[in-house]
Amino acid sequence: MPSTLSTLEDALEFKFYEADCLYRDHSGRRVIVDVEGSGEMDIQVAIPPLVHVREEEDLWQFCPLFENGALVLANGPGEVLVRVQRGRTTPITGDSFTATDRFVGAGWIVGADSAVRTDDRHQYAPPPSRNYPVPFFRQAQGKGTIEIVPAVDFECRQIDQFEISDRDALSRIDFKVQNASTVSQLHSTFADGTPFSGPVMSHLNTASFTLDIPKENDGLIIRKTFDRFHGRQRARVFVEDELQGWWFEPGEDRNHRWHKSDFGVSPKSTRGKDRIRIAIEPPAGVPLWSVSKIEVYALINISRSGPKGSS
């Protein structure tokens with residue numbers, strides 16, 4: 001039975017109609033999928049042909065497996081639906097059980113009789129299956145039954161959090177930022193319509209902070225709550241000056257502006273350490289990196305006799 005989750009695992013769904021898309025590239029082409037990392041894609045619906053872009057100019061026929069990111073274009077208008085499993089290219093194996101309404105713990109959703117939400121995200125997860133399981137690190141919720149393969153020796157533990165307006169917290173973690181806007185108050189909603197009001201700031205160039213972390217960690221998840229008014233927010237993430245990858249949020253929403261985004265840090269850079277410096281560096285020429293609140297979670301392998309949760 002699977003026992004651990006990867007910090008890089010995620011399930012995504014990209015669905016558009018007519019001429020809608022994530023955004024249009026510099027040539028005006030419809031961008032349907034734009035993700036960092038590696039994984040697998042599956043076309044559910046594609047009225048226009050879909051192609052990959054490599055090195056800006058080379059077009060490849062659609063291929064389900066990808067490494068070092070995926071950029072997929074639609075050759076014309078029409079309905080498209082693509083599912084992406086980031087960080088996993090094999091189906092989930094192991095015993096499952098059924099929970100009702102809510103499960104607290106970590107694992108993979110492999111079936112559900114209604115829409116589900118994971119880890120306090122204010123949006124629905126893609127429909128789950130064995131081939132395209134939906135990972136969750138803290139909890140899964142639905143209105144009905146949820147089929148789950150639990151991560152039985154695993155815990156996702158919050159180790160820090162701070163708002164961008166909390167001066168005491170920023171001083172505690174030695175938060176430094178270059179070329180930042182003033183902090184303002186944003187009144188808007190999340191994608192599901194939940195109203196929220198909070199401080200928000202944007203910056204260009206590096207923001208960095210220091211964290212105390214448990215030595216026995218199996219990687220970290222950094223979550224930011226931010227303003228999605230501008231899409232294509234992109235930044236490099238460093239741990240102790242070692243590049244972890246690109247944190248990328250391609251979508252924008254100028255009606256429901258609040259959003260939550262997660263970035264996974266490999267245990268190769270964190271295991272055995274009790275204190276690290278994290279740097280988030282948006283490059284020149286991209287939209288300003290927006291942030292309201294940062295939460296940091298440590299993935300911990302623990303000994304359990306059975307799944308932890310409630311149904």
Side-chain angles (χ1 to χ4, degrees), residues 9-54 56-89 91 108-118 121-135 142-144 146 189-194 228-234 248-262 287:
E9 281 193 57
D10 201 2
L12 306 167
E13 186 175 70
F14 298 90
K15 187 174 186 177
F16 300 101
Y17 299 94
E18 302 301 333
D20 291 340
C21 53
L22 271 176
Y23 60 89
R24 290 186 179 270
D25 71 0
H26 60 275
S27 299
R29 300 174 296 185
R30 290 176 73 196
V31 177
I32 302 302
V33 174
D34 192 345
V35 296
E36 299 293 334
S38 62
E40 183 177 5
M41 294 183 287
D42 181 50
I43 298 176
Q44 302 285 303
V45 179
I47 302 303
L50 300 183
V51 293
H52 284 184
V53 174
R54 290 292 184 270
E56 291 295 325
E57 295 181 358
D58 296 332
L59 296 180
W60 291 11
Q61 292 300 314
F62 189 93
C63 177
L65 299 179
F66 63 92
E67 295 182 358
N68 301 318
L71 181 63
V72 177
L73 307 180
N75 278 337
E79 182 182 357
V80 291
L81 171 57
V82 181
R83 297 198 60 191
V84 175
Q85 196 73 33
R86 188 167 57 189
R88 172 172 291 277
T89 57
W108 300 263
I109 306 172
V110 295
D113 61 9
S114 65
V116 295
R117 302 171 191 254
T118 62
R121 290 189 173 100
H122 292 281
Q123 60 187 38
Y124 290 114
S129 69
R130 282 271 174 173
N131 288 332
Y132 278 79
V134 174
K143 294 181 179 179
I146 312 169
T189 59
F190 286 94
D192 65 355
T194 301
R228 212 178 190 183
F229 185 85
H230 293 293
R232 283 185 272 181
Q233 296 184 34
R234 185 189 298 268
F248 183 43
E249 274 294 330
E252 71 175 37
D253 193 329
R254 299 190 173 186
N255 295 311
H256 307 290
R257 290 172 59 174
W258 286 111
H259 191 65
K260 295 178 183 288
S261 176
D262 295 344

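Heavy-atom basis, side chains included; hydrogens, waters and symmetry copies ignored. Quick note: residue numbers are just sequence positions, from 1.
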Quiz prompt | Side-chain heavy-atom pair Trp258, His122 within 4.5 angstrom cut-off | solution = no
Quiz item: Does Lys260 reach the side chain of Phe190, with side-chain heavy atoms less than 4.5 Å apart?
Solution: yes
Exercise. Report the distance from atom CZ of Arg228 to atom NE2 of His256, rounding to the nearest 0.5 Å.
Key: 11.0 Å
Quiz item: Run the salt bridge (charged side-chain N to carboxylate O under 4.0 Å, His left out) check on Lys15 and Glu13 step by step: do they pass?
Solution: CA-CA 6 Å; Lys15 187 174 186 177; Glu13 186 175 70; over 6 Å; no
Exercise. Hey, could you give me the CG/CZ distance between Asp25 and Arg30, rounded to the nearest 0.5 Å?
Key: 12.5 Å
Quiz item: What is the distance from atom CZ of Arg257 to atom CD of Glu252, rounded to the nearest 0.5 Å?
Solution: 11.0 Å
Practice problem: Please report the C-alpha distance between Asp34 and Arg232 in whole Å, then the side-chain angles of each, then the deciding distance to 0.1 Å, and finally whether the salt bridge (charged side-chain N to carboxylate O under 4.0 Å, His left out) criterion is met. | Solution: CA-CA 9 Å; Asp34 192 345; Arg232 283 185 272 181; over 6 Å; no
Practice problem: Check Val80 against Ala46 and note the closest heavy-atom contact, atom names and distance. | Solution: CG1-CA, 4.2 Å
Quiz item: Are any non-hydrogen side-chain atoms of Val53 and Leu59 less than 4.5 angstrom apart?
Solution: yes
Practice problem: Report yes if the side chains of Arg234 and Glu249 come closer than 4.5 Å at any heavy-atom pair, otherwise no. | Solution: no
Exercise. Starting from the C-alpha separation in whole Å, work towards a yes-or-no answer on side chain to side chain contact (heavy atoms under 4.5 Å, CB included) for Arg88 and Trp108.
Key: CA-CA 12 Å; Arg88 172 172 291 277; Trp108 300 263; 3.9 Å; yes
Quiz prompt | Identified side-chain contact (heavy atoms from CB on, under 4.5 Å) counterpart of Met41 within the set Val33, Leu12, Leu65, Val35 | solution = Val33
Quiz item: Roughly how far, to the nearest 0.5 Å, is CZ of Phe62 from CG of Leu73?
Solution: 11.5 Å
Quiz item: Does some side-chain heavy atom of Asp10 sit less than 4.5 Å from a side-chain heavy atom of Asp262?
Solution: no
Exercise. Check whether any side-chain N or O of Arg29 sits under 3.5 Å from a backbone N or O of Asn75 as a donor-acceptor pair, and report yes or no.
Key: no
Exercise. Identify the heavy atoms of Cys21 and Phe16 that sit nearest to each other, and give their distance.
Key: C-CE2, 3.4 Å
Quiz item: Do Pro133 and Gln85 touch side chain to side chain, with heavy atoms closer than 4.5 Å?
Solution: yes
Self-check item: Nearest heavy-atom neighbours spanning His52 and Cys63
Solution: CE1-O, 2.9 Å
Quiz item: Do Thr194 and Asp192 meet the criterion of a side-chain donor-acceptor pair at a distance under 3.5 Å?
Solution: yes
Practice problem: Check for a donor-acceptor pair, side chain of Arg254 on one end and backbone N or O of Phe229 on the other, with a separation under 3.5 Å. | Solution: yes
Practice problem: Would you give the length of the straight line joining atom CG of Leu71 to atom CD1 of Ile32, rounded to the nearest 0.5 angstrom? | Solution: 10.0 Å
Quiz item: Which heavy atom of Arg54 sits nearest a heavy atom of Gly69, and at what distance?
Solution: NH2-O, 4.1 Å
Exercise. Answer whether the closest heavy-atom distance between the side chains of Gln123 and His259 falls below 4.5 Å.
Key: yes
Quiz item: Any side-chain heavy-atom pair from Val110 and Pro128 closer than 4.5 angstrom?
Solution: no
Practice problem: Can you see which heavy atom on Ser114 is nearest to which on Gly142, and at what distance? | Solution: OG-C, 4.2 Å
Exercise. Determine the minimum heavy-atom distance between Tyr124 and Ala115, stating which atoms define it.
Key: CD2-CB, 3.4 Å
Quiz item: Distance from Ile146 atom CD1 to Arg117 atom CZ, nearest 0.5 Å?
Solution: 12.0 Å
Quiz item: Think Arg83 forms a cation-pi with Phe14, using NZ or CZ under 6.0 Å from the six-ring centre and within 45 degrees of its axis?
Solution: no
Quiz item: Just by distance, do the side chain of Tyr132 and the backbone of Pro126 share a donor-acceptor pair under 3.5 Å?
Solution: no
